[in-house]
Protein chains: 2
Amino acid sequence: MLPKEVTIKYIAEKANVSIATVSNVINDKGRVSEKTAERVRSVIQQYQYQGNLAAKNLRTNKSYLFGVVVSVTQPERKLKDNPFYWELISGIEAEASGYEFSIVLKGIDSAEELSAFINQRNLDGVIIVGAEENSSFVKVAEESNIPAVYIDSYLEDVSLYQVRIDDKQGGAAAAKHLLQLGHRKVALLSGKLTYNSVNHFRWEGCKEELSAFDSYDESLLIETDTSAEGGYAAADDIIEKFPEITAVICFSDITALGLYKRLNEKGYEIPKDLSITGFDGVYFTNYMIPELTTIKQDVGKKGVTAVNLLFEQIKSNAWPVENRRISLPVYLVEGESTAPL
Amino acid sequence: MLPKEVTIKYIAEKANVSIATVSNVINDKGRVSEKTAERVRSVIQQYQYQGNLAAKNLRTNKSYLFGVVVSVTQPERKLKDNPFYWELISGIEAEASGYEFSIVLKGIDSAEELSAFINQRNLDGVIIVGAEENSSFVKVAEESNIPAVYIDSYLEDVSLYQVRIDDKQGGAAAAKHLLQLGHRKVALLSGKLTYNSVNHFRWEGCKEELSAFDSYDESLLIETDTSAEGGYAAADDIIEKFPEITAVICFSDITALGLYKRLNEKGYEIPKDLSITGFDGVYFTNYMIPELTTIKQDVGKKGVTAVNLLFEQIKSNAWPVENRRISLPVYLVEGESTAPL
DNA sequence: CTGAAAGCGCTTACAG
DNA sequence: CTGAAAGCGCTTACAG
C-alpha cells in the first residue's frame, strides 16, 4: 500500500521524525544521531524514496541540469549530420552523469529561444558550440548569468570559459605534412570562413606554412558547407577550375567524405591523383578507403572538459582568468590518403 | 532596476493585479477582462517575464521534459557511434521542441538508474530504444506509470506503445533482391540475435526468402557487434571460412562500413567479388564507395512518431490498443554494391 | 539532537 | 471579473 507518491513527508511519518530530519539525513547536514539516521535510511530504502528534483530546484535554485545548445540546419531545423556532435555529446553526457547531472539537448535558432530555455529551465549551466564573436547567443548567456562554456568559439572576452583545440596548429600540421611530401599546389576546402571561427584559424595555420614555401594561393581557398554534400559539391570546382592542384586540405572529415565520393565518380584516384587530408578524426575516417590522413582531436574529451569547466564555475567564479581557456592538443594521423608527389 | 528574478509576483505588482490574474492571463484560463489582460501582457513583455518551470512542475506535476534513454557501451559507458541514434534524436528533438518540450538525453546501464531518472525528474514521458522482452527497463517504466514509447522493441504486451519498422519485410527485401540477382550463397551479418530483437526479425525475413530458393544455410549466419569494428572483424570469417559466399546481407549499415574496409584490405572488390547490402540507410551510405544498396528506413520519422505517441498518452490513455504499435515502411534503395552473379 | 515554520514560484478551487 | 489563500515537496534558519 504505497501512496501514489512517496514524499519526504511520508518517509518522515514512517520513521517517526520530522521532515527536517529526513532532509538532513539525505543531505548529510545538521546533527542527526546515528541511530535516527539509520532508521530514516532504512525507511527510505524500504519505500524506495526518490526525491523530487522540481521541489528541490524551487527551493535551492539548482536544477542539476546542463543545457547543450547546438545550432540547427535551416530551414529543416534538423541537427547536423556531422558525427562530431554525437561524439561531443557522448563525452558531455558521460561526465555529467557521473555527477548526477542530466543533459538537455536543444537545437536553437534564436536568441529569444536560448534565453527562454536557460531561464525557464533554471539550468545550472550551458554549453554552447560554435558561437561567434558578438553573437546574440553570447549576450544572452552572459545576461542570464549562469555558468557557460563555449566550445570551438574564439571569443575575445577573457572572462569567458572556452574549450577548443589548437586549430591553427592543426591547419599548419596538415600543410606541413603535404609540403614535406612535395605538394605545392594545395587547395583548402573550408567551411564558412567567418572571422575567428575554427575554420579561420585552420586556414591561418595552412596559410603560414604554405607561404613559407611560397605556395599559398588565395584562389585555391574554397568555401563550402561543412557537410558531405558540401564536400561533394566542391569537388567539381577543384578538379575543373584548378587542374594543377595536387592536394586538398579539408577543414572537416565530413567534407572529405563527400569529396572522396565525387572524385571517385570522376575517376580520380586517391592519393595517386590527389592527396587529401581531413580534420577531426571522427570514427569513420578509419573506415574510409583509402584511410583518411587527418588532424585528430579528442572530441569526447572536449565535452568532458567543458563539463568540468562548468563545475568550476558552480564552485566559484574565482577561477583565474588565465585558466579559463583550455586548448586541447591535435595531432596528425597519417592514413593512406596522402602520398609523395 | 530589474529584480534578480522576475517572478509572477513582481509582474502582479507592476500590473496592479493579483498573481492569480497574471497566472490566468498566461494560461488563458478563467475570466479576465480584455483590458486587464492587455495590461498584464504588456507588463510581461516589458519585464521579459519567463515563467519558472520548476515551480509550475511542482504544482502541476508536469515537467515538459521527455527522457530519451539509450544504452551505452560497456565498460567505457559511451554512447554508441552509430549515426542511427543521432538521426533518431534529431527527429525527437525537432518534434518535441515544437510543443515546448525539452529532451533529456541519458545513457543508462541499470534499472535503478532508469527508475531514479524518471521519478526524480518528473518526466512527462520516456522514449526507450531497443528494450528486450522482460527487460527490467520495461518493468521500471511500467511501474513508474508514465507515458512511454518503445522504439525498435518487439514487446508482446499489446498495451505498450511501440514504434518500429517492418524489419522482417526489410530482411526479406534484401534477400529477394540478391536472389533475383542470382545469388544463392548468402551470408547474414547480424548484430546480437536475441529473441524478438530487430535482428531477429530481419533474420526471419531473410530466412524465409532464402528458404524459398532452398538457399538458407544456418552456418552462414554470423553474429557480431553492431559497429564498424564488428563488421571489420567479421570479414575474415566470411571470406576465409566460407569462400563460396557471393553476397552478404548486413543487418546494419555500420557493419557494412567495417566490412567494406576489411574486404578492401584483402583485395576483394565490391560488388564483383561480393555483393553487399546494408540496413537503415543512414546518411553515409550515399558516400560509400561503391554506394551501398541498403534497406532504407526514415529514422527521423521514427523519432517524430514516438513523440506523437507520447502526446497521445498524455492526452488520454484511451487510445485504442490496435493503434499503439506503429510500423513504418522500409524500402530497398539500390546502390552499386550489389550485382548479378 | 530534533522539529515547527517559513518560503521558493507557481496553479487552482473558492469566495466575493 | 478579480483576489486571498492553500498547497505542490522540498531546504533552511531558528528555537528548544
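Letters go in sequence order (proteins before strands), and every chain restarts at 1.
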A side-chain contact here means heavy atoms from C-beta on lying under 4.5 Å apart; do B:Thr36 and B:Val32 qualify? yes
Report yes if at least one side-chain N or O of A:Tyr49 is closer than 4.0 Å to OP1 or OP2 of D:dC10; otherwise report no. yes
Between D:dC10 (P) and B:Asn57 (CG): distance, integer Å: 12 Å
Consider the side chain of B:Ala55, meaning its heavy atoms from C-beta on, and name the nucleotide among D:dG3, D:dT12, C:dG9 that approaches it most closely. C:dG9
Pairing partner (Watson-Crick or G-U wobble, both distances under 3.5 angstrom) of D:dA13: none
Under 4.0 Å: is that the gap between some side-chain N or O of B:Thr60 and OP1 or OP2 of C:dT12? no
Between B:Val304, B:Leu310, B:Val68, B:Leu105, which is the residue that forms a side-chain contact (heavy atoms from CB on, under 4.5 Å) with B:Ile92? B:Val68
Atom OH of A:Tyr64 to atom P of D:dG9: distance rounded to whole Å? 19 Å
Under 4.0 angstrom between B:Thr21 side-chain N/O and D:dC1 OP1 or OP2: no
Does a side-chain N or O from B:Lys29 land closer than 4.0 Å to OP1 or OP2 of C:dT12, or not? yes
In whole angstroms, how far is the P atom of C:dT2 from the CD1 atom of A:Ile26? 15 Å
Nearest-neighbour nucleotide for the B:Lys56 side chain, C:dT12, D:dG9, C:dC10 considered: C:dC10
What's the CZ-C1' distance between A:Arg39 and C:dT2, to the nearest Å? 11 Å
Between D:dC1 (C1') and B:Glu38 (CD): distance, integer Å: 16 Å
Closest listed nucleotide, where the reference is the side chain of B:Leu58 and the choices are D:dG3, D:dG9, C:dG3: D:dG9
Tell me whether the rings of B:Tyr85 and A:Trp86 are parallel (<30°), tilted (30 to 60°) or perpendicular (>60°). parallel
Listed nucleotide nearest any side-chain atom of A:Val32, set D:dG9, C:dT12, C:dT2: C:dT2
Rounded distance (Å) that lies between atom P of D:dG9 and atom CG of B:Asn61: 7 Å
Does D:dT12 have OP1 or OP2 sitting under 4.0 Å from an N or O in the side chain of A:Ser23? no
Which of these nucleotides, D:dC1, C:dG7, D:dA4, is closest to any side-chain atom of B:Ser18? D:dA4
Both B:Ile19 and A:Asn52 contact DNA chain D. Taking the nearest nucleotide for each, which residue is further toward the 5' end? B:Ile19
Going by an N to O cut-off under 4.0 Å, is there a salt bridge joining B:Glu312 and B:Lys315? yes
salt_bridge(B:Glu34, B:Arg41) N-O dist < 4.0 Å: yes
Protein-nucleotide distance (A:Lys9, atom NZ; D:dT11, atom C1'), rounded to Å: 16 Å
Which base sits across from D:dA4 as a Watson-Crick or G-U pair, both distances under 3.5 Å? none
Are the side chains of A:Phe66 and A:Val126 in contact, using a 4.5 Å heavy-atom criterion? no
For the pair made of CG in B:Asn24 and P in C:dG9, what is the distance, rounded to whole Å? 20 Å
A:Asn27 side-chain N/O to D:dT11 phosphate OP1/OP2 under 4.0 Å: yes
First of B:Ala54 and A:Glu34 reached from the 5' end of DNA chain C, by closest nucleotide: A:Glu34
